[in-house]
K.L.:
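The structure under discussion is supplied below as structure tokens; questions concerning it will follow.
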Amino acid sequence: FELDARPDMFEEPQTLALVVGPETLYEEVLDSNERIYIRQEISRETLGADEFVELVLAVDQTFSPASRGGAPEDTRELGVRVFYSYFEAR
């Protein structure tokens, strides 16, 4: 994944987590506006035997542009900006 955050929108920096099923595979505090690149290997055992796997990229805080001085109609809940993600079987 390549992403960036907006720590200036929060009193405390966001925490990002990469989760598969009940297992948190990666966690990082996002305290910079710089783009970051995350590379995470995931074992077959973690992915399991199901046909589909849900991979969750989650943050503990979001913000709404409308509540931060943006356009009043922009009530989206934003977390991080993901530029791309890539998965490769090995």
K.L.:
Atom CG of Asp60 and atom CG of Leu16: how far apart are they, to the nearest 0.5 Å?
P.N.:
9.0 Å
K.L.:
Can Arg35 and Asp4 be counted as an ion pair, charged N to O under 4.0 angstrom?
P.N.:
no
K.L.:
Does Leu18 form a side chain to side chain contact (heavy atoms under 4.5 Å, CB included) with Leu55? I'd like the steps, not just the answer.
P.N.:
CA-CA 7 Å; Leu18 176 61; Leu55 180 72; 3.4 Å; yes
K.L.:
Measuring from Gln61:CD to Glu77:CD, what's the distance to the nearest 0.5 Å?
P.N.:
11.5 Å
K.L.:
Identify whether Leu57 and Met9 are in the same connected component of the hydrophobic contact network (ILVMFWY, side-chain heavy atoms under 4.5 Å).
P.N.:
no
K.L.:
Do Pro65 and Arg76 have side chains that get closer than 4.5 Å, going by heavy atoms?
P.N.:
yes
K.L.:
Describe, in one word, how the ring planes of Tyr84 and Tyr37 are oriented to each other, choosing from parallel (under 30°), tilted (30 to 60°) and perpendicular (over 60°).
P.N.:
tilted
K.L.:
Step through the shown structure and confirm whether more than 12 heavy atoms of other residues, nucleotides or ligands are within 6.0 Å of CD on Glu54.
P.N.:
no
K.L.:
With heavy-atom distances below 4.5 Å as the criterion, would you say the side chains of Leu25 and Ile42 are in contact?
P.N.:
yes
K.L.:
Does some side-chain heavy atom of Thr15 sit less than 4.5 Å from a side-chain heavy atom of Glu27?
P.N.:
yes
K.L.:
If I compare all heavy atoms of Ser64 with all of Asp74, which pair ends up nearest, and what's the gap?
P.N.:
OG-O, 3.5 Å
K.L.:
Taking a hydrophobic cluster as the set of Ile, Leu, Val, Met, Phe, Trp and Tyr residues connected by side-chain heavy atoms closer than 4.5 Å, whether directly or through intermediates, do Tyr26 and Leu47 fall within one such cluster?
P.N.:
yes
K.L.:
Just verifying a value: how many Å separate Leu3 CG and Arg81 CZ, rounded to the nearest 0.5 Å?
P.N.:
10.0 Å
K.L.:
If I compare all heavy atoms of Ala66 with all of Pro72, which pair ends up nearest, and what's the gap?
P.N.:
CB-O, 3.5 Å
K.L.:
Working to the nearest 0.5 Å, report the span between CZ of Arg39 and CD of Glu2.
P.N.:
14.0 Å
K.L.:
Do Phe10 and Val59 share a hydrophobic cluster, counting only Ile, Leu, Val, Met, Phe, Trp and Tyr and linking them when any side-chain heavy atoms are less than 4.5 Å apart?
P.N.:
no
K.L.:
Is Phe83 reachable from Leu78 through a run of hydrophobic residues whose side-chain heavy atoms are each under 4.5 Å from the next?
P.N.:
no
K.L.:
Please report the closest heavy-atom contact between Leu30 and Pro7, naming both atoms and the distance.
P.N.:
O-CB, 3.7 Å
K.L.:
Is there a path of hydrophobic side-chain contacts, each under 4.5 Å between heavy atoms, that joins Ile36 and Val80?
P.N.:
yes
K.L.:
Near Glu12 CD, under 6.0 Å, is it more than 12 heavy atoms from other residues, nucleotides or ligands?
P.N.:
no
